[in-house]
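For ligands, and for the atoms within them, numbers begin at 1 and follow the listed sequence.
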Amino acid sequence: MKLLVVKSSVFADGGQSTALAEKFARAWREVSQDLEVVERDVTSNPVPHLDGERIGALFSAPEQRTPEQQAVVDFADALLEEVTTADVIVLAVPMYNFGVPSQLKAWLDHLARAGVSFKYTDTGPVGLLKDKPVYILAARGGVYHAAGQDFQAPFLRQFFGLLGITNLEFIYAEGLNMGDEAKEKALNEASRQIAELIPA
Ligand SMILES: Cc1cc2nc3c(=O)[nH]c(=O)nc-3n(C[C@H](O)[C@H](O)[C@H](O)COP(=O)(O)O)c2cc1C
């Protein structure tokens, strides 16, 4: 049983999404003796943003790659392997300026690879990855999901859907910057939902 935990808060261990992800992993460890937890923190260990050189490397034919291009492909392959070999994925997702952290976007950008993680067909793109549970721990200062104004969740659903992963579950901690009472209530509710998700 392998759990991939992806963290992306700029506040590192002080991030609310980080704390929820830790809580999730801890709770799962308690019920699963053989749990292997793989952690990918895209803020403390950033994935480079895509640029022309990296795209060129990822699009290059294997037999024509320079050693530098091969290193880029190997790096992207390693990120993808963490995803493909995980049984369950937990994404700690803060909301920054209405979207996902750019560090997390850079990680996602390395996963979406035509011919590797999805393919184009006459009827549109088709995902090539096995479906698996992805739990999204979404921390926000304000309230979006509850107000029907959430752009993060549709983006993440569409993105993982491209790869063939549709089993997404969102746990929201909203209103974290709206006073102590709202914050405590939101974190308690998210913790309760996490506890409910862990298999007995
Ligand atoms: C740079 C920055 C941008 C933010 N933008 C938003 C935003 O657009 N909407 C919102 O509700 N909260 C926003 N917040 C508040 C965060 O969502 C909140 O602090 C949340 O706890 C972030 O998750 P984290 O603690 O895991 O980093 C922002 C915070 C920072 C630091």
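- Partners of D41 according to the salt bridge (charged side-chain N to carboxylate O under 4.0 Å, His left out) rule, which considers only residues two or more places apart in sequence or in another chain, do not exist here.
- At a cut-off of 3.5 Å, with distance as the only test, a side-chain donor of D131 or T166 sits close to an acceptor on the other residue.
- In the displayed structure, K132 atom NZ is contacted under 6.0 Å by more than 12 heavy atoms of other residues, nucleotides or ligands.
- Environment of CZ in F59: sparse, with no more than 12 heavy atoms of neighbouring residues, nucleotides or ligands closer than 6.0 Å.
- Listed by first and then second residue, the salt bridge (Lys or Arg N to Asp or Glu O under 4.0 Å) pairs that reach into residues 102-130 are D77-R113, K105-D109, sequence neighbours excluded.
- Using a heavy-atom distance under 4.0 Å as the criterion, the protein contacts of ligand 1 are S9, F11, G15, Q16, S17, P94, M95, Y96, N97, F98, A139, R140, G141, G142, Y144, L176, N177.
- Evaluation of the salt bridge (charged side-chain N to carboxylate O under 4.0 Å, His left out) rule for R192 yields E189, E196 as partners, not counting sequence neighbours.
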